[in-house]
Amino acid sequence: FRGQKIPFLRDVIEWLTSQDMHANIELKPSPGRVAETAEQVLAELRNWPNHKAPPLLSSFDFEALQHCHQHGPQWPLGLLLHKWRKDWLV
């Protein structure tokens, strides 16, 4: 993949919606940048067309999902786990 550019999220969103593709956008915040990462993703999702199925926002970082829920409650969320937890439904 040498020389391949990583596309911006806005470009991926444009392509996904033009192709009628569904999406799972995984948030992978750097330490100390949880809120900033979530806010940037939510800002880009403002351009998601209302008539298209919304993407799933997923993360292993519970705090990132909490931030997304507080600032973008309309987006579906998915908590990713390394190991199944007995309290997963709480």
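All values below were derived from every heavy atom in this structure, side-chain atoms included, with hydrogens, water molecules and symmetry-related copies excluded. Computed from a prediction, not measured in an experiment: that's the story for all the values here.
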Student: On a heavy-atom basis, which atom in Ser58 and which in Asn24 lie closest, and how many Å separate them?
Tutor: OG-OD1, 2.7 Å

Student: Quick check: closest heavy atoms across Trp48 and Pro54, and the distance to 0.1 Å?
Tutor: NE1-CA, 3.8 Å

Student: Any side-chain heavy atom of Met21 within less than 4.5 Å of one from Trp15?
Tutor: yes

Student: With a 4.5 Å heavy-atom cut-off, do Leu45 and Ile25 have their side chains touching?
Tutor: yes

Student: Going only through I, L, V, M, F, W and Y residues with side-chain contacts under 4.5 Å, is there a path from Val41 to Ile13?
Tutor: yes

Student: With under 30° as parallel and over 60° as perpendicular, where do the rings of His82 and Phe60 fit, or are they tilted in between?
Tutor: parallel

Student: How about Ile6: does its CD1 atom have over 12 heavy atoms from other parts shown lying under 6.0 Å from it?
Tutor: no

Student: If you compare all heavy atoms of Leu56 against all heavy atoms of Gly78, which two are closest, and at what distance to 0.1 Å?
Tutor: CD1-N, 3.6 Å

Student: How close do Glu26 and Ser59 get, counting heavy atoms only, and between which atoms?
Tutor: CG-CA, 4.5 Å

Student: Within the structure provided, determine whether Trp75 and Cys68 are in side-chain contact (heavy-atom separation under 4.5 Å).
Tutor: no

Student: Would you compute the distance between atom CD of Glu44 and atom CD of Glu14 and round it to the nearest 0.5 angstrom?
Tutor: 11.5 Å

Student: Please say yes or no: joined through hydrophobic side-chain contacts below 4.5 Å, possibly via intermediate residues, are Leu80 and Leu27 part of one cluster?
Tutor: no

Student: Please report the closest heavy-atom contact between His71 and Leu42, naming both atoms and the distance.
Tutor: CB-CD1, 3.8 Å

Student: Less than 4.0 angstrom from a charged side-chain N to a carboxylate O is my criterion; do Asp61 and Lys28 meet it?
Tutor: no

Student: What heavy-atom pair brings His69 and Leu77 nearest, and what distance separates the two atoms?
Tutor: CB-CD1, 3.6 Å

